[in-house]
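As structure tokens, the structure follows; a few thoughts come after it.
Convention: sequence-line order gives letters A, B, ...; per-chain numbering from 1.
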There are 2 protein chains.
Amino acid sequence: MSKDARNDARNKVRDAAIALFAQKGVKATTIKDIARAAGVSEGALYRHWASKEELAAALFAAEYTALSHDLSAAAGGGPAPQRLRRVVAWAFGLVEAAPDRARFLLLSQHDALPLVPDGLETPVDAVCAIVGDGIAEGSIVDADREALAHTVIGAIVLNIQSHVYGRQTAPLGALADTVADALLRGLSTGKGA
Amino acid sequence: MSKDARNDARNKVRDAAIALFAQKGVKATTIKDIARAAGVSEGALYRHWASKEELAAALFAAEYTALSHDLSAAAGGGPAPQRLRRVVAWAFGLVEAAPDRARFLLLSQHDALPLVPDGLETPVDAVCAIVGDGIAEGSIVDADREALAHTVIGAIVLNIQSHVYGRQTAPLGALADTVADALLRGLSTGKGA
DNA sequence: TCGTTATGAGTGAACGTTCACTCAAATCCT
DNA sequence: AGGATTTGAGTGAACGTTCACTCATAACGA
């Protein structure tokens with residue numbers, strides 16, 4: 001059997017599972033659901049993952065680290081405030097570009113976060129690093145960097161969440177500047193890097 | 001049976017269920033778990049709630065509206081920035097005073113929020129109202145009030161979440177000022193009310 | 001090149017377990 | 001006594017997981 005076919009099955013299961021997990025959550029999604037949506041048998045799934053829980057944990061860890069990596073890339077270079085502004089805009093854009101990924105991460109975090117192995121690079125780490133740089137260069141106020149990073153991420157996540165749940169009806173793109181302005185006024189010293 | 005005893009059973013089930021839901025989540029908590037922890041039979045539970053799902057939804061709605069009410073009370077009066085500062089401190093204090101309530105609300109929000117009936121007063125509404133007052137009195141920058149409210153709540157929630165999950169080890173009390181300072185620098189106009 | 005064998009992903013019915021929910025009998029209260 | 005309430009073993013459906021078997025492809029030998 002060719003390697004392409006092998007990856008096809010894996011990828012089909014992965015995509016189907018993420019979409020279903022994103023819609024109904026991990027617990028409410030059955031193996032039958034996933035197999036049917038992916039167009040494979042239930043048994044085939046167990047050739048690639050040991051259990052449903054391991055499948056969910058593996059998918060979450062992969063998406064979580066990818067998010068962290070993409071976030072760092074989107075931040076780019078330059079002074080920390082500018083990088084944070086890019087992070088906000090990028091995160092809001094991601095929801096519209098890949099709603100399943102975003103919803104999957106939002107929905108599964110409470111189940112899956114405790115299963116993520118320690119030492120993995122997380123999005124929190126990435127933002128922490130930017131904030132730390134900002135403190136070092138004097139462009140971000142000198143305070144607990146984790147608390148500031150959580151403040152930034154929380155502001156992003158809750159705006160996204162409320163959008164995903166249909167509470168916030170204004171398009172996210174229009175809010176990026178509002179949220180970024182408020183956060184940066186709060187975190188910046190006003191001095192350039 | 002006296003009304004007190006009836007309420008006793010209800011309250012015992014409610015407390016036990018919240019503690020278990022907070023530890024394992026709703027789906028992973030069984031009726032047997034709840035009945036055993038509350039010291040009642042499984043059947044007795046169905047005299048008060050029609051199903052496990054209804055029990056979870058009712059508990060969440062009650063805690064959610066209570067949270068909203070308590071939050072408004074904790075905010076007190078005066079200029080909006082001061083009220084928001086009190087909200088931050090109160091929320092952080094709540095986690096230490098009633099960790100089960102906080103954890104239950106955090107864990108169940110994705111399952112239960114869609115079931116909360118429309119028109120119920122939510123914590124988001126309460127913060128929105130404060131922000132709206134601030135905009136009206138000129139003490140809060142004039143921007144989308146929902147986006148600003150989500151920014152405030154997100155910052156609070158993510159700091160709490162990271163504390164509950166053991167990532168943030170600094171005591172929450174020590175972070176209240178850091179987070180409130182950052183948020184208020186971001187939202188205030190600097191003009192008094 | 002062509003026939004034979006080895007590989008391992010894929011299949012899906014069957015299995016055992018878990019769990020929400022029921023109900024006949026027991027218990028309690030007035 | 002008689003209604004209200006509680007009990008917990010029982011029920012049936014749903015679900016994750018298994019496993020004996022299939023078959024397309026790869027690897028091999030002559």
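Residues in residues 82-94 of chain B take part in these side-chain hydrogen bond (donor to acceptor under 3.5 Å, both in side chains) pairs, two or more places apart or across chains: B:Gln82-B:Arg86, B:Arg83-B:Asp133, B:Arg85-B:Asp181. Each side-chain hydrogen bond (donor to acceptor under 3.5 Å, both in side chains) pair with one or both residues in residues 93-104 of chain B, not counting sequence neighbours, appears once here: B:Glu63-B:Arg101.
Proximity of A:Phe60 to A:Phe21: side-chain heavy atoms (C-beta onward) are nowhere separated by under 4.5 Å.
Taking atom CZ of B:Arg36 as the reference point, atom C1' of D:dT7 lies 15 Å away to the nearest angstrom. The separation between A:Lys32 atom NZ and C:dA14 atom C1' is 11 Å, rounded to whole Å. Taking atom CH2 on A:Trp49 and atom C1' on D:dT18, their separation rounds to 18 Å, with Å as the unit. Regarding A:Leu45, its CG atom lies at a distance of 14 Å from the P atom of C:dG12, rounded to whole Å.
Hydrophobic clustering keeps A:Val26 apart from A:Leu115 (ILVMFWY residues linked when any side-chain heavy atoms are closer than 4.5 Å, directly or through intermediates).
The phosphate of D:dT5 has neither OP1 nor OP2 within less than 4.0 Å of any side-chain N or O from B:His48. At C:dA9, one or more side-chain N or O atoms of A:Arg47 fall inside 4.0 Å of OP1 or OP2 (strictly under the cut-off).
Between C:dC19, C:dG8, D:dT6, one nucleotide has an atom nearer to the side chain of B:Ser41 than all others, and that is D:dT6.
Residue A:Lys27 is the one, among A:Ala44 and A:Lys27, whose nearest nucleotide of DNA chain D lies closer to the 5' end (criterion: closest heavy atom).
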Do any N or O atoms of the protein come closer than 3.5 Å to N or O atoms of nucleotides 21-27 of chain C, and which pairs are they?
residue, atom, partner, partner atom, Å
C:dC21, OP2, B:Tyr46, OH, 3.0
C:dC21, OP2, B:Lys52, N, 2.9
C:dC21, N4, B:Glu42, OE1, 2.7

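Figure legend: cation-pi geometry between B:Arg14 and B:Trp49 absent, as NZ or CZ is not positioned both under 6.0 Å from the six-membered ring centre and within 45° of its axis.
B:Ile156 CD1 to B:Thr151 OG1: the interatomic distance, rounded to the nearest 0.5 Å, is 11.0 Å.
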